[in-house]
Enquirer: 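Structure below; questions to follow.
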Amino acid sequence: MKTVLTMLALLISFSFATPARAADTFDIAITVDDLPAHGKLPLGMTRSGIAESHIKTLKAHGVTEAFGFVNAAGLGNDADNAAVLDSWRQAGYPLGNHTYSHMNLDQASTLEAWQADVIAGEPAVASRMEGLFWRYLRFPYLSVGSARRDDAFAFLRDRGYKIADVSIGFSDWDYTDAYARCVGKSDVASIERMKVKYLQDVDTGIANMKENSRRVFGRVIPQVLLTHIGGWSAVTLPNVLTRLEAAGGRYVTLAQAQADPAYAEPGGGSLISRNAWKNNIKLVADTSAEPTLDLKSICK
């Protein structure tokens, strides 16, 4: 009897020591958009400070690679902004192109104007990535165009680009300006409400990602997370990574994640959503017990 109890104790101990079953684990690449500056700058923060906060968090969580996607037009807005790209590289993390001015392909005046914006974004990245592969493009707004899609893809192939896809994100961009306003008003209560809502949505988003991935691909595919280098992400990224890890996330590079066959056909929007639409697969709906926050009016 004593032997049986000992074995049960060991089994229980092992189950608590294992954060996720092997079947629950998944690879995930971290990508960060809008370097050097995303959204309004909260009072008391600097752009370089936000970057250093991201880097500190990423390193603390053992993130092997975090591709930063650059809008080089931001370098001219503040003398502090160049330090963002430099510190990103000094941390050993790579940079890619997000177009010069974050130009939406669908809304560009012409295809040629968008192509020029891609090319204009290259020098700031290439000069900091000498000898390394940097020709990943993250489409602004994840918009690959409609009538312009094929021409845009051909243009990128001719310039040696790969497309940085996205499979999961938590809409951190929606919170960035609201957070800056609330910080400016010292509205701690509203900030706390935002955090509760956001992290609840992160938990729901991770669970839905797993279920929807199984519905569309029959398995949990490697993921590519989209986040942004804003003040909101700086203060919530530790919580996001902790939740991803608790759910079984294991950090890999963008190339490793996109080597999976699920990424064979690049496109816009979310990888899982567009494949569900293509194959007429119903996705699990987003649900939240927390009332929706009006992020456009909060703290105004």
Side-chain angles (χ1 to χ4, degrees), residues 29 31-39 67-77 81-82 84-85 88 94-130 132-169 171-174 176-177 224-230 254-255 257-280:
T31 66
V32 184
D33 278 13
D34 294 0
L35 275 71
H38 170 73
F67 238 104
F69 288 95
V70 178
N71 301 124
L75 293 172
N77 297 335
N81 288 358
V84 171
L85 305 192
W88 204 260
L95 298 171
N97 195 353
H98 197 28
T99 76
Y100 181 78
S101 66
H102 204 266
M103 185 179 291
N104 187 322
L105 175 58
D106 269 328
Q107 296 177 4
S109 58
T110 63
L111 172 66
E112 291 73 22
W114 180 82
Q115 291 172 336
D117 209 56
V118 171
I119 294 171
E122 294 177 351
V125 177
S127 63
R128 292 172 169 85
M129 288 285 289
E130 188 174 355
L132 300 172
F133 184 79
W134 56 268
R135 288 183 184 270
Y136 276 101
L137 183 96
R138 169 66 50 73
F139 277 88
Y141 307 100
L142 303 185
S143 173
V144 301
S146 49
R148 296 169 174 172
R149 171 193 163 113
D150 290 345
D151 288 337
F153 278 23
F155 163 78
L156 293 174
R157 284 195 300 271
D158 289 345
R159 294 190 70 81
Y161 276 97
K162 297 180 181 180
I163 294 170
D165 220 322
V166 172
S167 65
I168 187 170
S171 300
D172 62 300
W173 55 89
D174 279 342
T176 304
D177 289 353
V224 177
L225 173 71
L226 168 62
T227 188
H228 293 73
I229 196 158
L254 180 59
Q258 295 198 167
D260 188 273
Y263 291 86
E265 185 178 343
S270 161
L271 172 73
I272 296 175
S273 296
R274 73 171 183 264
N275 277 278
W277 179 85
K278 177 182 177 182
N279 295 291
N280 198 28

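The first residue in the sequence is number 1, and the count goes up from there. Only this structure's heavy atoms are used, side chains among them; waters, hydrogens and symmetry mates stay out.
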Enquirer: Kindly give the heavy-atom pair with the smallest separation between Ala29 and Ala257, and that separation in Å.
Expert: CB-CB, 4.0 Å
Enquirer: Roughly how far, to the nearest 0.5 Å, is the CG atom of Leu105 from the CD atom of Gln115?
Expert: 9.0 Å
Enquirer: Quick check for you: to the nearest 0.5 Å, what is the distance between Tyr141 atom OH and Thr99 atom OG1?
Expert: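 The distance works out to 9.0 Å.
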Enquirer: So which heavy atom on Leu225 is nearest to which on Thr31, and how close?
Expert: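 Distance-wise, the nearest heavy atoms are O-OG1, 2.6 Å.
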Enquirer: Can you sort out the partners of Arg148 under salt bridge (Lys or Arg N to Asp or Glu O under 4.0 Å), two or more places apart, ordered by chain and number?
Expert: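 Counting only residues at least two positions away or on another chain, Arg148 forms no salt bridge (Lys or Arg N to Asp or Glu O under 4.0 Å).
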Enquirer: Measure across Ala37 and Asn81 and return the closest heavy-atom pair with its distance rounded to 0.1 Å.
Expert: CB-ND2, 4.1 Å
Enquirer: Check Ile163 against Pro266 and note the closest heavy-atom contact, atom names and distance.
Expert: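 Looks like CD1-CB, 3.9 Å.
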Enquirer: In chain order, what residues pass the side chain to side chain contact (heavy atoms under 4.5 Å, CB included) check against Leu142, with sequence neighbours excluded?
Expert: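 With sequence neighbours excluded, Leu142 shows a side chain to side chain contact (heavy atoms under 4.5 Å, CB included) to Arg138, Val166, Leu226, given in chain and number order.
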Enquirer: Looking only at heavy atoms, which two atoms of Ala108 and Trp114 are closest? And how far apart?
Expert: CB-CB, 4.0 Å
Enquirer: For Asn104, give me all partners under side-chain hydrogen bond (donor to acceptor under 3.5 Å, both in side chains), at least two apart in sequence or on another chain.
Expert: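 Once residues adjacent in sequence are excluded, the partners of Asn104 under the side-chain hydrogen bond (donor to acceptor under 3.5 Å, both in side chains) criterion are Ser143.
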Enquirer: Measuring from atom CZ of Phe153 to atom CG of Asp158, what distance do you get when rounded to the nearest 0.5 angstrom?
Expert: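 Rounded to the nearest 0.5 Å, the CZ-CG separation comes out at 13.5 Å.
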Enquirer: Who are the side-chain hydrogen bond (donor to acceptor under 3.5 Å, both in side chains) partners of Asp172, not counting sequence neighbours?
Expert: Thr227, His228
Enquirer: Test of understanding: with side-chain hydrogen bond (donor to acceptor under 3.5 Å, both in side chains), list the residues that count as partners of His38, not counting sequence neighbours.
Expert: Asp34, Thr176
Enquirer: Evaluate the criterion side chain to side chain contact (heavy atoms under 4.5 Å, CB included) for residue pair Arg274 and Val144; output intermediate values, then yes/no.
Expert: CA-CA 12 Å; Arg274 73 171 183 264; Val144 301; over 6 Å; no
Enquirer: Under the rule for ring-ring contact (aromatic ring centres under 6.0 Å, His included), what residues qualify as partners of Phe67, not counting sequence neighbours?
Expert: Phe69, Tyr136
Enquirer: Here's a test for you: under side chain to side chain contact (heavy atoms under 4.5 Å, CB included), which of Val70, Leu35, Asp33 qualifies with Ile229?
Expert: Leu35
Enquirer: Test Phe133 against Lys162 for side chain to side chain contact (heavy atoms under 4.5 Å, CB included), laying out the working first.
Expert: CA-CA 10 Å; Phe133 184 79; Lys162 297 180 181 180; 4.2 Å; yes
Enquirer: Sequence neighbours excluded, which residues qualify as side-chain hydrogen bond (donor to acceptor under 3.5 Å, both in side chains) partners of Ser101?
Expert: Asp117
Enquirer: Going by salt bridge (Lys or Arg N to Asp or Glu O under 4.0 Å), name the residues that satisfy it together with Arg135, two or more places apart in sequence or in a different chain.
Expert: Glu122
Enquirer: Would you compute the distance between atom CG of Asp260 and atom CG of Asp165 and round it to the nearest 0.5 angstrom?
Expert: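 Reported value, rounded in 0.5 Å steps: 11.5 Å.
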Enquirer: Which atom names give the shortest non-hydrogen contact between Tyr100 and Ala120, and what distance separates them?
Expert: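 Distance-wise, the nearest heavy atoms are CD1-O, 3.6 Å.
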Enquirer: Sequence neighbours excluded, which residues qualify as salt bridge (Lys or Arg N to Asp or Glu O under 4.0 Å) partners of Asp177?
Expert: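 Residues passing salt bridge (Lys or Arg N to Asp or Glu O under 4.0 Å) with Asp177: none at all.
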Enquirer: For Ser171, enumerate each residue passing the side chain to side chain contact (heavy atoms under 4.5 Å, CB included) test, keeping only those at least two apart in sequence or located in another chain.
Expert: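 Applying side chain to side chain contact (heavy atoms under 4.5 Å, CB included) to Ser171 gives Trp173, Asp174.
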Enquirer: What pairs with Glu112 under salt bridge (Lys or Arg N to Asp or Glu O under 4.0 Å), at least two apart in sequence or on another chain?
Expert: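 For Glu112 there are no salt bridge (Lys or Arg N to Asp or Glu O under 4.0 Å) partners, ignoring immediate neighbours.
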Enquirer: As an exercise, state the distance from CD1 of Ile168 to OG of Ser273, rounded to the nearest 0.5 Å.
Expert: 10.5 Å
Enquirer: Give a yes-or-no answer on whether the side chains of Tyr161 and Asn97 include a donor-acceptor pair shorter than 3.5 Å.
Expert: yes
Enquirer: Can you pull the ring-ring contact (aromatic ring centres under 6.0 Å, His included) pairs that have at least one residue in residues 257-279, sequence neighbours excluded?
Expert: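 Residue pairs with at least one partner in residues 257-279: there are none.
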